[in-house]
Structures are given as C-alpha cells and as structure tokens.
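Down below is the structure, laid out as structure tokens.
As a basis for the values below, the full set of heavy atoms in this structure was taken, side chains included, without hydrogen atoms, waters or symmetry mates. In the text below, chain A, chain B and the rest are named by the order of the sequence lines, each starting its count at 1.
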Number of protein chains: 2
Amino acid sequence: MAIVSRYTVALHILTWIALATGGKDEFVSSDRIANSVNTSPVFIRRILGKLNKGRLVKVQHGGTGAGWKLARQPKDITFLDVYEAVVDTPLFELHHSTPNDNCAIGKGIQPALSAFYSDTEKAMKQQLAKTTIADLLQESVTQSGWELQDLMTRLAGNKK
Amino acid sequence: MAIVSRYTVALHILTWIALATGGKDEFVSSDRIANSVNTSPVFIRRILGKLNKGRLVKVQHGGTGAGWKLARQPKDITFLDVYEAVVDTPLFELHHSTPNDNCAIGKGIQPALSAFYSDTEKAMKQQLAKTTIADLLQESVTQSGWELQDLMTRLAGNKK
DNA sequence: ATCCAGTGTAATTGTTGCAGTTACATTGAT
DNA sequence: ATCAATGTAACTGCAACAATTACACTGGAT
C-alpha cells in the first residue's frame with residue numbers, strides 16, 4: 001500500500017456518477033454514492049470536496065435535488081486529473097532524520113535523489129494521463145458481467 | 001509521503017558502501033553506515049537483510065572484519081533492483097471496505113482498476129530501471145560540493 | 001579455547017496518517 | 001418555513017513505520 005485508497009475511492013465516485021446520471025442533467029447525493037462504495041457518506045463528501053476544488057465536479061447545496069454531478073464529460077477527466085486533485089504528498093519519501101552533513105553522501109544525496117524521484121513521478125503521471133473515467137466506466141461494466149438491459153432496469157429502481 | 005522512506009535509506013546505504021569501499025575488497029559495519037544516514041544500526045541492518053535476500057549485498061558474520069559489501073558493481077545495481085528488494089506492497093491501494101456487489105461499478109471496478117494500476121506501476125518501474133547506484137554516487141558527490149581531495153582525506157580518517 | 005566485534009531478530013514504544021463515526025451548523029430549492 | 005442535502009470539526013480505532021532495547025549467535029584473530 002503506497003498511494004492512499006482515497007485515490008481509488010475518488011475514481012470510483014466519478015465513475016459511479018458517470019453511470020448514474022448518464023447523459024441527464026441531475027445531481028446525486030453522497031449517500032447514494034456511499035452505498036456503492038460501501039463506506040460512510042462523510043468520507044465520500046471529504047473526497048468530493050477535493051474533487052470540487054479541482055473543478056472535476058459541481059455541487060448543489062440545499063433543497064430537494066441537492067448533490068453532485070460531473071463538471072465535464074467522463075472522457076475529459078483523466079486519472080492524472082484525479083491524482084492531482086486528491087493526492088497531496090510526493091510519491092517518494094526522503095529520510096525521516098536528516099543525514100550526516102559531514103559525509104559527502106549524507107550532504108549531497110537529498111538534492112540528488114530529489115531530481116531522480118522527480119523524473120520517476122513524471123513518468124508515472126504521464127501514464128496516468130492516458131486513461132480517463134470513460135475508459136474505467138467501460139471496463140468496469142464489462143468486468144461486472146452485467147447486461148446493459150439489467151443495468152438500466154436496476155438504475156431506474158435505485159433512483160428512489 | 002507514499003513510498004516508504006526505507007527505500008530512500010536503502011539507496012543511501014548502497015551508495016555509501018560504494019563510496020566507502022571504493023574498489024577495495026572489504027566489509028563495512030552497520031554502525032558506520034548508520035552514522036552517515038543518522039539513524040539506528042538496527043534499522044540499517046533490517047534493510048541490509050532485505051538487500052541481502054535480493055542478492056545486492058553480501059554479509060560477513062563474526063570476527064573483526066565483519067560487515068557488508070556490495071555484491072555487484074554500483075553501475076550494475078539499478079533503482080529498480082533496490083525497489084524490488086525493499087518495497088513489498090503494490091503501488092496503489094484498492095478500497096479498504098469491499099464495494100457493493102449489487103452495483104455494476106461496485107462489482108467490476110476492482111478488476112478493472114487492477115489492470116490500469118498494473119500498467120502504471122510498470123511505467124514507473126521502467127523509469128527506475130534507467131538509473132543506477134553509480135549515477136546516484138556521482139550526482140551526490142557533485143551536489144555535496146566537496147573536492148575529491150578532501151573526500152579522500154576524510155574517508156581515510158573515518159576508517160577508524 | 002577464548003575473546004569480542006560484529007550480525008540477526010524479537011519485543012516494545014512513540015508517532016503519524018487514514019478511515020470511520022457522531023454531531024451539528026449551514027444551505028437553498030420547493 | 002420546511003427539510004433534504006452539504007460542510008466540517010472532534011473524536012476513535014487501527015495499522016504501519018521508525019526507533020530503541022535487549023540478547024542470542026557467528027566466526028576471525030589471538
């Protein structure tokens with residue numbers, strides 16, 4: 001475990017909204033999303049807050065139709081967009097205790113590593129940029145083994 | 001913070017051994033390494049244990065000259081080798097609580113994500129394979145701003 | 001055979017960050 | 001005014017990491 005599960009949940013949230021709202025212009029509640037992810041609505045809302053700051057979703061406060069929707073098309077939201085919105089620590093940790101300054105390695109290794117680590121993080125992000133929420137939606141439905149027909153029926157039922 | 005600091009320390013250890021032993025065929029103790037990293041010898045030995053299992057270092061028990069040395073040339077140890085030896089968790093976490101199976105997304109997202117995550121981890125590892133301990137040694141010494149002359153003098157002094 | 005400088009490892013502790021829960025103030029369509 | 005929703009703070013539980021202590025084990029040097 002390295003990159004926080006919150007990132008996985010963020011992808012789940014966006015994909016679920018994409019499926020649930022289809023093309024329609026409506027908002028869905030954190031409660032319904034939490035039901036699919038199987039966790040607490042508060043955790044979901046904390047993540048949605050970050051996604052909102054990243055301009056990936058829009059929020060509607062108050063009233064009966066309150067909730068969330070995507071700010072763009074699923075095909076226009078990449079895994080990298082989600083990463084930037086939700087993960088806020090560098091990929092690699094440096095030392096916890098600062099190395100011995102009287103040693104050439106101890107003195108020079110942190111700036112040296114920072115450069116190498118930065119290259120690696122960049123390579124990872126380039127890969128993340130290649131996949132979108134639309135891809136994940138497609139692949140998830142395929143993997144679920146559901147028929148599109150059943151899916152639509154069940155969605156209608158869930159809408160409360 | 002995502003990838004454990006133990007990985008950074010592992011790179012530090014190998015680079016320090018490379019510098020300290022130069023071309024010479026000798027073993028260095030975890031105590032001396034711990035002094036450069038500025039942490040406890042036990043922590044260092046736990047990491048060296050993993051590096052030993054990964055065939056990156058060799059250990060000499062007992063006697064006066066006991067300690068560690070590299071199992072190969074610094075230029076033949078890549079960042080990826082070290083990663084495989086020291087990091088034992090996947091790069092991305094999945095959900096903590098298992099998603100709702102009655103939802104197409106909940107049911108299909110984990111296998112779908114596993115595939116995408118695997119691609120990303122692979123991209124990161126390809127980048128890691130491009131850098132070696134020799135590169136890090138070179139760059140660390142450069143960054144330290146030390147003259148090679150002083151370095152040699154000081155090394156001789158440290159040797160006890 | 002003994003010494004002793006080193007490794008190997010288990011047990012314990014302090015700290016940190018994440019996730020989960022409860023509680024309550026706030027928002028704003030209807 | 002209602003009330004279905006969000007926003008957020010406070011607290012708890014838990015797991016992983018790093019740091020420390022303690023002690024058994026190893027094996028070259030003498």
Might you point out which heavy atoms bring Val57(B) and Leu48(B) nearest each other, and give the distance in Å?
-> CG2-O, 3.9 Å

Which residue, Arg45(A) or Gly65(A), contacts DNA chain D at a nucleotide closer to its 5' end, judged by nearest heavy atom?
-> Gly65(A)

Mark yes when over 12 heavy atoms from residues, nucleotides or ligands other than Gln110(B) sit less than 6.0 Å from its CD; otherwise mark no.
-> yes

Listed partners of Lys107(A) passing salt bridge (charged side-chain N to carboxylate O under 4.0 Å, His left out), at least two apart = none

Taking atom P of dA19(C) as reference, at what distance in whole Å does atom CD1 of Ile47(A) sit?
-> 7 Å

Using a heavy-atom distance cut-off of less than 4.0 Å, which residues of residues 6-14 of chain B contact DNA chain D?
-> Arg6(B)

Find the distance Phe27(B):CZ to dG27(D):P and express it as a whole number of Å.
-> 12 Å

Please name all residues satisfying salt bridge (charged side-chain N to carboxylate O under 4.0 Å, His left out) with Glu121(A), sequence neighbours left out, ordered by chain then number.
-> Lys125(A)

Send over the distance from Ile3(B) CD1 to dA16(D) C1', rounded to a whole Å.
-> 16 Å

Between Ser30(B) and Ser40(A), the residue closer to the 5' end of DNA chain C by nearest nucleotide is Ser30(B)

Donor-acceptor side-chain pairing of His12(B) and Ser36(B) below 3.5 angstrom = yes

What are the two closest heavy atoms between Asn38(A) and Ser97(B), and how far apart are they?
-> O-OG, 2.8 Å

Result for 5'-nearest mapping on DNA chain C, choosing between Val28(B) and Phe43(A), is Val28(B)

Please report, rounded to the nearest Å, how far the P atom of dA29(C) is from the NZ atom of Lys69(A).
-> 13 Å

Those residues that, when tested against Arg72(A), pass salt bridge (charged side-chain N to carboxylate O under 4.0 Å, His left out) (two or more places apart) | Asp81(A)

Protein-nucleotide distance (Asp31(A), atom CG; dT21(C), atom C1'), rounded to Å | 14 Å

Figure out the NE2/C1' separation between His96(B) and dA16(D), and round it to whole Å.
-> 11 Å

Find the distance Arg32(B):CZ to dA5(C):C1' and express it as a whole number of Å.
-> 14 Å

For residues 52-64 of chain A, which residues have at least one heavy atom under 4.0 Å from DNA chain D?
-> Val59(A), His61(A), Gly62(A), Gly63(A), Thr64(A)

Leu11(B) backbone acceptor or donor facing Thr15(B) side chain under 3.5 Å = yes

Whole Å only: how far is the NZ atom of Lys50(A) from the C1' atom of dT8(D)?
-> 13 Å

Of the nucleotides dG7(D), dA19(D), dT21(C), which one has an atom closest to the side chain of Val42(A)?
-> dT21(C)

Using the ring-ring contact (aromatic ring centres under 6.0 Å, His included) rule, collect all pairs that involve residues 47-73 of chain A, keeping only residues at least two apart or in two chains.
-> none

For the base of dG20(C), is there a side-chain donor-acceptor partner from Arg46(A) under 3.5 Å away?
-> yes

Plane angle bin for Tyr117(B) and Tyr7(A) - parallel if under 30°, tilted between 30 and 60°, otherwise perpendicular | parallel

Phosphate-side-chain proximity, Ser97(A) and dA19(D), N/O vs OP1/OP2 below 4.0 Å | yes

Any side-chain N or O of Ser29(A) under 4.0 Å from OP1/OP2 of dA5(D)?
-> no

